[in-house]
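Before any comments, here is the structure.
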Amino acid sequence: MASVASPIIFKEFCPLYYLLNAIPTKVQKGFRSIVVYLTALDTNGDYIAVGSSIGMLYLYCRHLNQMKKYNFEGKCESITFVKLLSCFDDLVAVGTASGRVAVFQLVSSLPGRNKQLRRFDVAGIHKSSITALAWSPNGMKLFSGDDKGKIVYSALDLDQGICNSSLVLEEPSSIVQLDYNQKVLLVSTLQRTLLFYTEEKSVKQVGTQPRK
């Protein structure tokens, strides 16, 4: 006799006031008061990462109930995308409206893990807003896409503190989503979805009709 499926129970969750109250609604810049907008979000089991319109990344540690802040030096610009990764070290990649991409290697209290905050920059390839980021599971590869269709591959050597970046693909329309697994990068743009085989550097389109 077939078992009866249990009914689906919907739950309503309240806003995370403990998180929102730790992020200012306004900041003072000289004589001006600037409203802070929340512009990007990513979560995993350890952290909640929130990007803002003032170029500040707010990173909430779920285990310690602590909020930390990270920013780019120089011009304050809106963060457009954030991507967390928990591997041997905790990493967060951040993209901005002008095409800047940075990786923060977070400090961990666990033995054998990273003890000093480090930052890696993807230098000068993107010139427009970052719309997608994707990690390899081991944190050694980061792919970034922008709204002009450029996709950049960054190879990270966390032990040596090195980040080497190169343009690997250029599409005629904005990148809307990236995902990477087993040497294959899944790319979605406003016009099509494709598979990019990183070893062969070949492209296979998913489906035949362009998106309308």
Side-chain angles (χ1 to χ4, degrees), residues 37-44 49-57 70-72 74-87 91-105 119-158 162-212:
Y37 296 99
L38 306 183
T39 55
L41 175 71
D42 195 26
T43 65
N44 61 17
V50 182
S52 70
S53 58
I54 59 170
M56 188 72 71
L57 172 69
Y70 305 94
N71 67 348
F72 289 87
K75 180 184 174 184
C76 287
E77 55 182 300
S78 181
I79 291 173
T80 55
F81 210 93
V82 293
K83 193 67 175 177
L84 290 161
L85 178 69
S86 183
C87 51
L91 304 168
V92 56
V94 184
T96 74
S98 71
R100 296 177 71 183
V101 178
V103 173
F104 294 94
Q105 184 182 8
R119 196 183 97 186
F120 303 83
D121 291 299
V122 176
I125 300 178
H126 292 290
K127 302 297 183 184
S128 60
S129 182
I130 302 300
T131 53
L133 294 166
W135 283 106
S136 64
N138 61 6
M140 297 176 68
K141 298 177 181 179
L142 175 69
F143 294 90
S144 51
D146 64 33
D147 66 357
K148 297 298 183 185
K150 287 184 178 181
I151 298 174
V152 172
Y153 160 59
S154 300
L156 286 94
D157 188 328
L158 300 177
I162 298 171
C163 176
N164 293 315
S165 305
S166 59
L167 181 68
V168 293
L169 196 62
E170 199 160 0
E171 285 290 301
S173 63
S174 175
I175 308 300
V176 296
Q177 188 177 7
L178 296 173
D179 196 17
Y180 177 80
N181 194 26
Q182 298 291 330
K183 301 178 182 179
V184 181
L185 180 68
L186 175 66
V187 179
S188 282
T189 76
L190 289 176
Q191 295 181 352
R192 65 173 183 162
T193 295
L194 59 95
L195 299 174
F196 177 67
Y197 295 87
T198 57
E199 294 288 304
E200 300 87 353
K201 299 206 168 25
S202 61
V203 170
K204 180 179 180 181
Q205 182 166 311
V206 179
T208 56
Q209 298 296 321
R211 288 185 177 141
K212 296 181 180 178

Can you find a side-chain donor-acceptor pair between Ser188 and Thr193 that sits under 3.5 Å? yes
Once you round to the nearest 0.5 Å, how far does CD1 of Ile79 lie from CD of Glu77? 9.0 Å
Would you say Lys141 has more than 12 foreign heavy atoms packed within less than 6.0 Å of its NZ? yes
Is it the case that the side chain of Thr131 and the backbone of Ile175 share a donor-acceptor pair, with hydrogens and angles ignored and the cut-off at 3.5 Å? yes
Using a cut-off of 6.0 Å, state whether more than 12 heavy atoms not belonging to Glu200 lie near its atom CD. yes
Rounded to the nearest 0.5 Å, how far does CG of Leu186 lie from CZ of Phe196? 13.0 Å
Main-chain N/O of Thr80 paired with Thr39 side-chain donor or acceptor, under 3.5 Å: no
Any sub-3.5 Å donor-acceptor pair from Asp42's side-chain atoms to Leu84's backbone N or O? yes
Are a donor atom and an acceptor atom from the side chains of Asp147 and Ser129 found within less than 3.5 Å of each other? no
Taking the side chain as everything from C-beta on, heavy atoms only, tell me whether Leu195 gets closer than 4.5 Å to Tyr197. yes
Closest heavy-atom contact between Phe120 and Cys163? CB-CB, 4.0 Å
Can you tell if the side chain of Tyr70 reaches within under 4.5 Å of the side chain of Val92, non-hydrogen atoms only? no
Could I get the full list of salt bridge (Lys or Arg N to Asp or Glu O under 4.0 Å) partners for Asp179, not counting sequence neighbours? none
Side-chain contact test, heavy atoms from C-beta onward, threshold under 4.5 Å: evaluate it for Tyr180 versus Thr198 and give yes or no. yes
Please check: side-chain N/O of Glu171 versus main-chain N/O of Ser173, any donor-acceptor pairing under 3.5 Å? no
Less than 4.5 Å apart, any side-chain heavy atom of Ser144 and any of Val152? yes
